[in-house]
Amino acid sequence: MDCLIKTVRSEGYFGMYRGAAVNLTLVTPEKAIKLAANDFFRHHLAKDGKGLTVFKEMLAGCGAGMCQVIVTTPMEMLKIQLQDAGRLVAQQQKPVMLTPTKLVAANTMLSRSYNSGTVVSAPPRAVSATQIAKELLQTQGIRGLYKGLGATLMRDVPFSVVYFPLFANLNQLGKPNPDQSSPFYWAFLSGCAAGSAAAVTVNPCDVVKTRLQSLNKGAAEETYNGVVDCISKIMRKEGPSAFLKGAGCRALVIAPLFGIAQVMYFVGVGEYILDNSPLSLMSV
């Protein structure tokens with residue numbers, strides 16, 4: 001709540017939606033890859049049409065998580081930079097009365113890069129995802145967009161390992177009989193429950209990923225030289241509770257996100273759209 005109030009106060013209500021365009025553009029292929037890859041691996045792991053063991057369900061989820069990072073890593077990278085840029089711009093524009101010593105310290109911290117020793121100027125105005133992507137590609141190449149790939153894998157693979165078996169088993173409970181599918185509302189509730197549980201489980205990994213992908217350093221923020229260094233510094237300076245920061249918010253966001261995505265997938269909305277698209281009708 002403190003984060004919400006301060007963000008709205010300094011950046012306005014629409015400051016809460018920084019990075020939304022990136023999500024709208026990339027969340028669709030991300031979820032498509034995740035859900036389709038899980039089905040693909042489940043199909044190939046199944047034998048003679050029999051149900052999968054929990055271990056094989058986890059294995060299929062692991063494969064899905066590894067596939068989705070192709071889209072997830074650049075999406076998260078750009079989204080975090082947009083949110084950080086908005087925060088730093090708001091700090092620059094807001095008049096603050098500081099003592100000379102504090103003023104020098106604050107300016108120094110705002111001008112340093114998050115994960116490098118070079119000194120860069122804080123952004124003078126809000127930037128777009130396209131600008132950030134171009135700058136990263138020009139300065140660091142394709143690796144710039146995939147900064148934090150290891151941490152993203154560390155989050156998304158365990159998420160899928162937890163989510164998909166849990167969803168499959170919860171959804172199974174709502175089937176009237178083995179030959180029928182569960183009602184759409186049951187699929188929604190199963191997606192919400194499984195998504196929330198998985199989100200809270202991997203929240204420590206998400207904290208590490210976010211810290212590593214934040215390029216601009218804010219006041220009192222640390223620099224990190226990789227996953228192990230990040231975990232070590234968080235544990236030493238902030239304690240174990242820091243790894244659960246934002247867990248409640250993630251659970252609230254992930255629950256409806258996966259509930260809706262799972263319902264759309266199970267009721268065949270995608271197939272319906274493709275079957276009735278102009279391209280499909282022309283080929284008939």
Side-chain angles (χ1 to χ4, degrees), residues 17 20 23-69 71-72 75 155-203 205-206 246-281 284:
Y17 286 87
N23 267 347
L24 286 170
T25 305
L26 297 178
V27 78
T28 301
E30 183 221 350
K31 290 295 174 284
I33 291 170
K34 189 185 192 81
L35 295 170
N38 179 66
D39 271 3
F40 174 82
F41 289 118
R42 287 177 69 92
H43 174 73
H44 284 277
L45 287 169
K47 290 183 179 179
D48 303 323
K50 294 180 180 178
L52 294 175
T53 62
V54 173
F55 175 75
K56 286 187 176 181
E57 288 180 334
M58 293 171 71
L59 204 58
C62 176
M66 292 181 72
C67 290
Q68 76 170 85
V69 296
V71 175
T72 307
M75 176 180 75
R155 181 198 67 172
D156 288 347
V157 171
F159 181 96
S160 295
V161 167
V162 173
Y163 173 79
F164 283 112
L166 185 56
F167 170 79
N169 285 280
L170 288 174
N171 193 52
Q172 187 77 22
L173 297 175
K175 291 184 177 182
N177 59 68
D179 297 327
Q180 288 184 310
S181 59
S182 59
F184 78 92
Y185 69 84
W186 191 267
F188 174 78
L189 292 174
S190 298
C192 288
S196 295
V200 173
T201 301
V202 303
N203 196 76
C205 303
D206 188 64
C249 287
R250 271 184 59 76
L252 288 173
V253 170
I254 294 293
L257 172 63
F258 274 88
I260 293 168
Q262 205 72 70
V263 168
M264 296 299 102
Y265 187 71
F266 265 77
V267 300
V269 172
E271 289 89 339
Y272 178 82
I273 292 171
L274 289 174
D275 289 343
N276 292 276
S277 65
L279 213 63
S280 175
L281 293 173
V284 173

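- No side-chain donor-acceptor contact under 3.5 Å links Trp186 to the backbone of Gln172.
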Evaluate Cys67 against Phe41 for side-chain contact (heavy atoms from CB on, under 4.5 Å), listing each step before the verdict. CA-CA 11 Å; Cys67 290; Phe41 289 118; 4.0 Å; yes
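- Expressed to the nearest 0.5 Å, how far CE of Met58 lies from CG of Leu52 amounts to 13.0 Å.
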Under the criterion side-chain contact (heavy atoms from CB on, under 4.5 Å), I'd like the reasoning laid out for Thr72 against Arg155: C-alpha separation, chi angles, the key distance, then a yes or no. CA-CA 11 Å; Thr72 307; Arg155 181 198 67 172; 3.4 Å; yes
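- Residue Ala64 comes nearest to Ser160 through the heavy atom pair C-OG, 4.4 Å, listed as atom of the first residue, atom of the second, then distance.
- Using bins of under 30°, 30° to 60° and over 60° for the plane-to-plane angle, the ring pair Phe167/Tyr163 lands in the parallel bin.
- Contact detail for Ala60 and Leu45: the closest heavy-atom pair is N-CD1, 3.9 Å.
- Among all heavy-atom pairs drawn from Asn169 and Glu57, the shortest one is ND2-OE1, 3.2 Å.
- Checked against the 6.0 Å centroid criterion, the rings of Phe159 and Phe258 qualify as a close aromatic pair.
- In terms of heavy-atom proximity, Val200 sits nearest to Ala247 at CG2-O, 4.2 Å.
- Taken from CG in Asn38 to CD in Gln68, the straight-line distance is 10.5 Å, to the nearest 0.5 Å.
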When you look at Leu257 and Lys31, which way does the side-chain contact (heavy atoms from CB on, under 4.5 Å) test go after all the steps? CA-CA 10 Å; Leu257 172 63; Lys31 290 295 174 284; 3.9 Å; yes
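- Using modelled atom types, one finds a donor on one side chain and an acceptor on the other under 3.5 Å when comparing Asp39 with Tyr265.
- Taken from SG in Cys192 to CG in Leu170, the straight-line distance is 11.0 Å, to the nearest 0.5 Å.
- Cys62 and Val157 get closest at one heavy-atom pair: SG-CG1, 3.6 Å.
- Of all the heavy atoms in Ile254 and Ser196, the pair that sits closest is CG2-N, 4.3 Å.
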With side-chain contact (heavy atoms from CB on, under 4.5 Å) as the criterion, how do Leu35 and Gln262 come out once you've worked through the C-alpha distance, each side chain's angles and the decisive distance to 0.1 Å? CA-CA 8 Å; Leu35 295 170; Gln262 205 72 70; 3.6 Å; yes
